[in-house]
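See below for the structure under consideration.
Both ligands and their constituent atoms are indexed starting at 1 by order of listing. By convention here, the first residue in the shown sequence is residue 1.
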Amino acid sequence: MGMNIAQKIIWTHLVEGKMVPGTQIGLRIDQTLTQDSTGTMAYLQFEAMGVDQVKTKRSVAYIDHNMLQQGFENADDHKYIQTVAGKHGIYFSRPGNGICHQVHLERFGIPGQTLLGSDSHTPTGGGIGMLAIGAGGLDVAVAMGGGTYYITMPKVLKVNLTGKLSPFVTAKDVILEILRRLSVKGGVGRILEYAGEGVATLSVPERATITNMGTELGCTTSVFPSDATTRAFLAMQDRVSDYTELLADPDAEYDEEITVDLSSLVPMVALPHSPDNVRTVEEAAGIRVDQVAIGSCTNSSYLDMMRVAKILKGRRIPENVSLVIAPGSKQVLTMLAKNGALADMIDAGARILESGCGPCIGMGQAPATNAVSLRTINRNFKGRCGTTSAGVYIVSPETAAVSALKGVLTDPRVMADEADMTVEMPEKFIINDNMVAAPAKNPDEVEVVKGPNIKSFPLNTELGDMVTGKALIKVGDNITTDHIMPSNAKLLPFRSNIPYLADFCLTPCDPDFPARAKENGGGFIVGGENYGQGSSREHAALAPLQLNIRGVIAKSFARIHKANLINSGILPLTFVNPADFDAVSEMDEIVIENAVDQVKSGKVTALIGSREVALDIELTEKELGVLLAGGKINFIKNAQ
Ligand code: MIC
Ligand code: SF4
């Protein structure tokens with residue numbers, strides 16, 4: 001029987017297990033990436049493992065998130081990452097070089113290879129046929145040390161693309177349509193593999209937009225074939241030698257299949273406050289727009305920026321709209337500067353930001369009170385932009401640019417006759433890697449610099465037989481990591497300081513949670529479906545650990561967050577009967593007796609208040625070992 005692309009890459013990297021969905025597999029990791037907001041923790045953990053030089057084919061440390069430097073903290077973190085990278089064989093992409101996913105696609109990604117990144121949008125690499133997976137920093141640290149990466153073998157969902165996109169309908173609209181159909185938890189336990197005649201009509205940046213935002217479906221990753229279009233893209237990057245063809249076999253089988261007809265799609269928008277709250281732009285048109293932000297790892301490629309420039313050229317942004325644009329990489333920015341497109345943007349009234357995540361993660365450009373902000377980003381969780389009362393709408397760059405000009409949310413097809421949208425990909429991109437520092441030739445001479453804001457991370461202890469505590473908070477469905485460990489310009493500088501961050505844990509849900517957790521000496525969190533969706537930040541597990549959280553009892557978990565809880569030794573328990581969730585009240589006493597044996601058996605009975613409640617704990621063999629040891633660091637230490 002033939003194989004699909006996901007199976008082919010898994011098969012060539014399989015270290016342990018069989019490719020049976022739902023069972024544990026171990027993968028060899030070729031490449032890793034980190035960014036600064038998760039990177040400091042990943043490198044502290046890497047250092048704790050005592051490995052001298054990375055064992056991967058290529059590891060890159062990017063600085064792209066914590067770019068505002070209002071104090072010494074971010075700058076200190078950059079220095080730490082630069083020195084630790086240089087010492088251990090890791091390439092260092094300097095601040096200003098661009099957003100990790102965009103730069104990795106341009107300069108480092110290789111079809112057919114595996115990439116593990118400490119950022120949930122690592123699947124961007126699927127746009128050139130990589131098996132690119134987001135994970136917590138500790139898992140990435142282990143992979144840098146040559147360790148196997150364990151996951152549950154996902155199902156492969158074939159997304160059959162037919163037809164061709166119409167003018168002003170974009171890759172962003174494709175993924176918004178899929179989110180509309182499948183929801184933010186529709187991808188859990190799945191890899192989305194794109195196939196069909198429509199694939200050839202999409203360029204690499206367009207494919208990367210789709211795989212990037214596949215993350216919002218909760219899937220393990222998304223992947224496109226590596227074909228003539230991929231080859232041409234790599235040639236433009238002077239990297240044709242990195243190309244290998246990677247196609248599904250004609251008789252490949254898939255676990256599931258959906259079809260998306262590109263020809264019938266129209267511009268789409270995700271309304272506040274969830275990426276799956278999708279409507280057509282036509283349905284939502286007319287909403288007043290205060291701010292428009294174009295950029296982020298989803299939509300900041302040369303192609304995106306050129307289309308925006310074409311729309312803006314010779315026109316003017318009205319005075320009640322603020323338009324900010326952040327090109328995704330130094331390469332993109334340089335190209336725009338040289339071909340005049342940047343001048344067209346500036347001329348129209350756009351504010352140009354440096355190449356980085358910027359507004360997407362609330363690092364500046366927080367909108368005004370009650371403002372409407374149109375953004376080309378991938379997630380619009382409440383408060384993520386820095387202003388809780390603002391409504392963030394997710395759209396394509398075309399919809400964003402046209403709406404910026406009109407001052408209201410507008411279907412970009414109204415400009416079909418006015419703007420010529422033909423954008424040719426360049427024959428060669430401008431290549432200048434002078435913002436990437438190669439690892440040190442003499443690692444022994446590199447001194448790793450740690451500023452005063454870098455604090456050690458909390459460590460759990462091995463699982464005891466009696467686990468008790470109160471239900472300190474009860475939250476609803478789809479709680480994001482932005483709720484659990486908020487990120488914004490005020491908090492991101494403390495990503496290396498868990499004790500400080502812990503005081504903000506779950507505060508968007510309940511400002512008193514950290515104080516209550518401290519007063520009670522820790523306890524449990526109770527959640528609904530898809531608890532922990534969103535980011536890969538392990539801070540969403542480490543901050544609860546700092547507050548002595550022993551377990552999270554939820555209806556279901558998002559993949560990366562569950563792995564991060566396990567890595568921190570926190571029990572991820574699920575209700576056997578979801579109705580039991582309703583019966584739990586905040587401050588109920590929870591008692592799990594005989595915890596070690598119960599956890600080993602996968603079935604846990606807990607006394608919650610006065611009721612016995614049946615819980616599941618679904619763990620692979622490896623995860624069980626990690627949890628019993630009190631987290632991955634302890635597990636690794638015990639094995640040494
Ligand atoms: C995000 O988009 O939420 C982030 C910030 O890039 C995170 C990483 C982080 O929290 O540092 C992600 O997607 O993993
Ligand atoms: Fe950066 Fe936003 Fe992409 Fe996260 S989603 S990596 S914050 S641009």
Side-chain angles (χ1 to χ4, degrees), residues 33-42 61-68 74 77 81 93 95 98-105 116-125 132-137 139-140 172 175 208-209 211-216 218 221 275 293-301 304 324-329 353-365 375-381 383-386 392 394 480-489 491-496 501 504 532-543 558-561 563-564:
L33 71 77
T34 59
Q35 39 86 341
D36 44 339
S37 66
T38 55
T40 47
M41 215 36 79
Y62 293 90
I63 306 290
D64 52 4
H65 283 62
N66 298 359
M67 308 272 277
L68 294 180
N74 287 337
D77 283 358
I81 293 177
S93 173
I99 308 176
C100 55
H101 309 303
Q102 176 66 26
V103 177
H104 208 84
L105 195 74
L116 196 69
S118 65
D119 190 280
S120 66
H121 291 103
T122 303
T124 313
I133 304 179
D139 283 326
V140 176
K172 186 59 155 270
I175 189 64
T209 292
T211 58
N212 171 289
M213 205 171 161
T215 296
E216 277 41 69
T221 189
I294 301 178
S296 93
C297 57
T298 327
N299 279 117
S300 58
S301 65
D304 287 327
V324 293
I325 302 179
S329 67
L353 305 179
E354 67 179 321
S355 296
C357 301
C360 177
I361 188 59
M363 285 305 251
Q365 312 304 327
R375 299 182 169 208
T376 64
I377 58 177
N378 42 40
R379 35 180 77 139
N380 57 345
F381 307 140
R384 182 180 160 94
C385 62
V392 174
I394 304 177
T480 72
T481 49
D482 281 307
H483 292 102
I484 307 169
M485 196 56 261
S487 271
N488 53 40
L491 290 181
L492 270 168
F494 297 96
R495 280 295 184 93
S496 319
L501 280 186
F504 298 87
Q533 69 157 327
S535 152
S536 67
R537 66 189 72 138
E538 58 195 327
H539 306 74
L542 291 172
R559 179 186 68 89
I560 307 179
H561 185 60
N564 286 337

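Heavy-atom distances between Arg384 and ligand 1 reach below 4.0 Å in at least one pair. Within the structure, ligand 2 has Arg384 among the residues with a heavy atom less than 4.0 angstrom away.
Scanning the protein heavy atoms around atom 8 (C) of ligand 1, the nearest turns out to be Gln35 NE2, 3.2 Å. Looking at atom 10 (O) of ligand 1, its nearest protein heavy atom turns out to be Arg537 NE, 2.5 Å. In terms of protein heavy-atom proximity, atom 7 (C) of ligand 1 is closest to Ser535 OG, 3.2 Å. With respect to atom 4 (Fe) of ligand 2, the closest heavy atom belonging to the protein is His65 NE2, 3.8 Å. The shortest contact between atom 13 (O) of ligand 1 and any protein heavy atom is with Ser120 OG, 2.5 Å. Remark: minimum distance from atom 2 (Fe) of ligand 2 to any protein heavy atom is reached at Cys360 SG, 2.3 Å. Of the protein's heavy atoms, Ser37 OG, 2.4 Å lies nearest to atom 11 (O) of ligand 1. Closest to atom 1 (Fe) of ligand 2 among all protein heavy atoms lies Cys357 SG, 2.3 Å.
Note: Asn212 CG to Ser301 OG = 11.0 Å, rounded to the nearest 0.5 Å. For the atom pair CD of Glu216 and OG of Ser120, the computed distance is 6.5 Å after rounding to the nearest 0.5 Å. Note that NE2 of His561 is 11.5 Å distant from CD of Glu538, once rounded to the nearest 0.5 Å. Rounded to the nearest 0.5 Å, atoms CG (Leu492) and NE2 (His65) are 7.5 Å apart. Once rounded to the nearest 0.5 Å, the distance linking CG of Asn378 with OG1 of Thr124 reads 8.5 Å.
The main-chain N or O of Thr38 is never found under 3.5 Å from a side-chain atom of Arg537 such that the two would form a donor-acceptor pair. Using a distance-only test at 3.5 Å, with no hydrogens or angles considered, no donor-acceptor pair links the side chain of Asn488 to the main chain of Gly386.
Minimum heavy-atom separation, Ile377 to Lys172: O-NZ, 3.1 Å. Annotation for Cys357 and Ile99: closest pair N-CG1, 4.1 Å, computed over non-hydrogen atoms. Across all their heavy atoms, Thr209 and Ile175 have their closest contact at O-CG2, 4.4 Å.
Residues Thr40 and Asp77 bring no donor and acceptor atom of their side chains to less than 3.5 Å of each other. No hydrogens or angles considered: a donor-acceptor pair under 3.5 Å links the side chains of Ser487 and Arg495.
When each atom of ligand 1 is checked for a heavy atom of Ser536 under 4.0 Å away, the hits are 12 (C), 14 (O). Distances below 4.0 Å separate heavy atoms of Ile361 from the following atoms of ligand 1: 5 (C). Of all atoms in ligand 2, listed by their number and element, those nearer than 4.0 Å to a heavy atom of Asp119 are 6 (S). Of all atoms in ligand 2, listed by their number and element, those nearer than 4.0 Å to a heavy atom of Asn378 are 5 (S). Those atoms of ligand 1 that come under 4.0 Å of a heavy atom in His65, given as number and element, are 4 (C), 5 (C), 6 (O). Each of the following atoms of ligand 2 lies closer than 4.0 Å to a heavy atom of His121: 5 (S). Distances below 4.0 Å separate heavy atoms of His121 from the following atoms of ligand 1: 13 (O).
An N or O contact shorter than 3.5 Å links Arg495 to ligand 1 by distance. Ligand 1 has a nitrogen or oxygen under 3.5 angstrom from a nitrogen or oxygen of Asp119. Not one N or O of Ser118 is nearer than 3.5 Å to an N or O of ligand 1, by distance alone.
If you run side-chain hydrogen bond (donor to acceptor under 3.5 Å, both in side chains) between Asp304 and each of Thr376, Thr298, Asn299, only Asn299 comes through.
Proximity of His539 to ligand 1, defined as any heavy-atom pair under 4.0 Å, is not found for any part of the residue.
Atom 3 (Fe) of ligand 2 has Cys297 among its coordinating residues (N/O/S atom, backbone or side chain, under 2.8 Å).
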